[in-house]
Number of protein chains: 4
Amino acid sequence: MPETLARPTGLRADAARNRARLLKVARRHHAQTGQLPLNSIAAEAGVGIGTAYRHFPSQESLVEALAMDALDRLLDAVKHAIAANDPERAFRAMVTTAYEHLCDDTALTALLAGGTFTCADAAAVAGELFADVDILLRRARESGALRAEIDVDDLRRLLCGFSAAATAGPVPLGKDRERYVEVLLGGLRP
Amino acid sequence: MPETLARPTGLRADAARNRARLLKVARRHHAQTGQLPLNSIAAEAGVGIGTAYRHFPSQESLVEALAMDALDRLLDAVKHAIAANDPERAFRAMVTTAYEHLCDDTALTALLAGGTFTCADAAAVAGELFADVDILLRRARESGALRAEIDVDDLRRLLCGFSAAATAGPVPLGKDRERYVEVLLGGLRP
Amino acid sequence: MPETLARPTGLRADAARNRARLLKVARRHHAQTGQLPLNSIAAEAGVGIGTAYRHFPSQESLVEALAMDALDRLLDAVKHAIAANDPERAFRAMVTTAYEHLCDDTALTALLAGGTFTCADAAAVAGELFADVDILLRRARESGALRAEIDVDDLRRLLCGFSAAATAGPVPLGKDRERYVEVLLGGLRP
Amino acid sequence: MPETLARPTGLRADAARNRARLLKVARRHHAQTGQLPLNSIAAEAGVGIGTAYRHFPSQESLVEALAMDALDRLLDAVKHAIAANDPERAFRAMVTTAYEHLCDDTALTALLAGGTFTCADAAAVAGELFADVDILLRRARESGALRAEIDVDDLRRLLCGFSAAATAGPVPLGKDRERYVEVLLGGLRP
DNA sequence: AATGAATGAGCGTTCATTCAT
DNA sequence: TATGAATGAACGCTCATTCAT
């Protein structure tokens, strides 16, 4: 009996279909309302409530499952940035990518804003992500591209705050949301 | 029948007392949970639920009433800043003050993040506030202390995002939250 | 705002009617199934679920309200027994009465079997009841009508056990359930 | 298709292992909570829920399987008692043994309190048990050691009631639970 | 104006049971 | 035979809101 996983493997065909349906409906709910009412999500997905709970025994597990894709892509991007030469460019690329993902995925923002992980694989990816970002931050700091007093956790908070800034309000920010990441990058320079 | 006001005048003594009690309890709830359950708030305040609804017919009116004090103080601070000479110092003072207020008052943050106002007086104060901030921004821009593309609404978003960054997560930021306003101020420079 | 009470006073007419309906339905449920599902009870009583929770915020409060009548009558009977002269007769009368009440009221049995009370007035009546029974037990013990090692709590357990014995099973015991109280009284003699 | 049995024979090795695991977990659940939630029991036992249902198609069959061991031991003890000479000693030994088993095994108590059996072999053992106890009761009655009006079914009820008395409440009775069997034995004398 | 009783929509969660693999 | 996915009834509980007193 495996622990709850945000990214399960070896699902039966019908189980995978149900899971995908649930995630699809859940994603819409979270983006529109910030809530994840399992009852309605199950109903809308055309799936029994018990099935929904089998797949996602807790709201956190659902949030982490929703965020998992973006988390994976983020980790990929960070790995790429680490492999690059220019520390400042790598740092800027990482911040920009993270900002974009956070703006596009409310579940990712909620997960990172919380800062705690219950599913083993989400925690693992997040741990690796933070470790890699730490490397990028060190290099950026040494190359004089980053304020000394900002660490990984500060960046996590600031990025979540910025995506909230871009997303919040009656009208979400439009195309020009890149402006904000410029403000952030400017502010992070010593 | 007067419109709902966030800062009513001419209340009977007992009505004023009830209102104050409700606000006190509501403030604690909002700060601790981000929620404003009128039933429990009325019960804890020792006030009938009907009375609570008479004072605050909607959650928004309660949020605006909660934020009204901070909104007033903010407006005061901005008026002071306008009266000063140095545009850059005035701008910095305004941003810093706003940041502090937002970090300290979850209702103010919720209200400004939403960006809409239902009570006439709250809307009035906010309108004046935004107008005055706009003046400060113009001056700062002209004096070369502020990026050209940032307007009042951007600043509103960014400030809300920054206070969210400082507040969010399992552990709210401690004493050193001023660090973040430095990042913001740095980022806002051209 | 008074604490939850098992025997409230000064209810509005409609509130009293709802309360009575709820208790009536609840009593039937408890007698037949030993359960107290508030949802179904409210529905059967023709009362909103919220109303049910207003009257009985917890299952315990409902059990105690159900048992309150019997508890009162029991206390009355014990007071009478205390006023009598013959310690043995008083003791026997008390045990018999308690047994009868327990056999007739499953909620009373459940409450006394648990031995804990959450409503202030139920706790008060129970406390007085136990104190008075203790007096009866002392007298009975002194007059040689009761084993030395049996105290109030033992009697509570034994009476609950006996009423369970008379009640349990596919067919509850019929008219001749008095036989069992004779066994109990016989067993309690030194 | 054989009837469900509380004590099946000729199980495959893995089936027997699964059955044992289920019983072990179920016993703990029943002792601690009085409930037998098949889903959780199967999960905790590391066995598929379908397998659990194959072994125990109903809650009763599970209860009977749990009680089977104790039922066997009880029957053994009664056979021994029948073989003895002194009818009163035999009777007392039987009552005491039964009481001890009931106090120690919540499933046995639940089964005997219900008084109905669905598995053929449980019914058979219980039938033999009751018949043998009946013999002991007759002898005891004849030798003047037992009230005339108490029959096997009364004893079943009373024993269940007494073990409930010893077990119930916030604090189960401690070491001195033998006291209660003395009360019972005393009460059963003419 | 104040009170608080009533309502019911809605969400969280458990668990017995069936059935496809 | 074993597995575990799926289902849905049932229940617990909260809270926004209305309305009679």
Side-chain angles (χ1 to χ4, degrees), chain A residues 1-2 8 10-19 22 29 35-43 45-59, chain B residues 11-19 35-43 46-59 62, chain C residues 1-2 10-19 22 35-43 45-59, chain D residues 11-12 14-15 17-19 35-43 46-59 62:
Chain A
M1 179 95 21
L11 286 183
R12 241 166 56 179
D14 55 344
R17 196 181 56 239
N18 281 340
R19 191 167 190 281
L22 286 165
H29 269 260
Q35 309 280 98
L36 287 175
L38 269 193
N39 265 307
S40 345
I41 289 172
V47 150
I49 175 65
T51 305
Y53 270 86
R54 164 176 290 272
H55 283 289
F56 308 109
S58 64
Q59 308 252 4
Chain B
L11 287 182
R12 251 169 46 181
D14 57 341
R17 200 183 51 238
N18 281 342
R19 193 167 187 282
Q35 310 279 99
L36 286 175
L38 267 192
N39 269 300
S40 349
I41 289 172
V47 156
I49 176 68
T51 308
Y53 266 83
R54 167 170 298 273
H55 283 289
F56 307 108
S58 65
Q59 307 252 0
L62 181 47
Chain C
M1 178 94 22
L11 286 183
R12 241 165 58 178
D14 55 344
R17 197 181 53 240
N18 281 340
R19 191 167 189 281
L22 286 165
Q35 309 280 97
L36 287 174
L38 269 191
N39 264 311
S40 345
I41 289 173
V47 150
I49 176 65
T51 305
Y53 270 88
R54 165 177 288 273
H55 284 288
F56 307 108
S58 64
Q59 307 254 3
Chain D
L11 287 181
R12 252 169 46 182
D14 56 342
R17 199 181 54 238
N18 281 343
R19 194 169 187 281
Q35 310 280 98
L36 286 175
L38 267 191
N39 269 300
S40 346
I41 289 173
V47 156
I49 175 68
T51 307
Y53 266 83
R54 165 170 299 273
H55 283 289
F56 308 108
S58 65
Q59 307 251 358
L62 180 48

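Proteins come first, then strands; the chains are lettered A, B, ... in the order of their sequence lines, and each starts at number 1.
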Classify the nucleic acid contact of B:Ala15 as base, sugar-phosphate or nothing, counting any heavy atom under 4.0 Å across all strands shown.
sugar-phosphate

Tell me what C:His55 touches on the nucleic acid: a base, only sugar-phosphate, or nothing, going by heavy atoms under 4.0 Å.
sugar-phosphate

Between C:Thr51 and E:dA5, does any side-chain N or O lie under 4.0 Å from OP1 or OP2?
no

d(CG, A:Leu22; C1', F:dA5) in whole Å
12 Å

Donor-acceptor pairs are to be reported for all side-chain atoms of residues 45-59 of chain C against protein atoms at under 3.5 Å, with residues two or more places apart or in another chain.
residue	atom	partner	partner atom	Å
C:Ser58	OG	C:Ser61	N	3.2

Just how far is it from atom CG of A:Leu22 to atom CD1 of A:Ile41, taken to the nearest 0.5 Å?
8.0 Å

Contacts of C:Gln35 that satisfy side chain to side chain contact (heavy atoms under 4.5 Å, CB included) - sequence neighbours left out
C:Thr33, C:Pro37

Over how many whole Å does the gap from D:Ile41 atom CD1 to E:dT14 atom P extend?
15 Å

Stems in DNA chain E, runs of 3 or more consecutive Watson-Crick or G-U wobble pairs with both distances under 3.5 Å, sorted by first number, are E:2-21 with F:2-21

Per-nt protein contacts along nucleotides 12-21 of chain F (heavy atom under 4.0 Å; B base, S backbone sugar-phosphate only, - none) come out as BBBSBBB---

Round to a whole Å and report the spacing from CZ of D:Arg19 to P of F:dA2.
12 Å

Side chains of D:Leu38 and D:Leu62 in contact at under 4.5 Å (non-hydrogen atoms)
yes

List in chain and number order the residues that pass salt bridge (charged side-chain N to carboxylate O under 4.0 Å, His left out) with A:Arg12, two or more places apart in sequence or in another chain; answer none if no residue qualifies.
A:Asp14

Answer with yes or no whether C:Arg54 presents, from its side chain, a donor or acceptor under 3.5 Å of a partner atom in the base of E:dA5.
yes

Atom-to-atom span, CZ of A:Phe56 to P of F:dA5 - whole angstrom:
13 Å

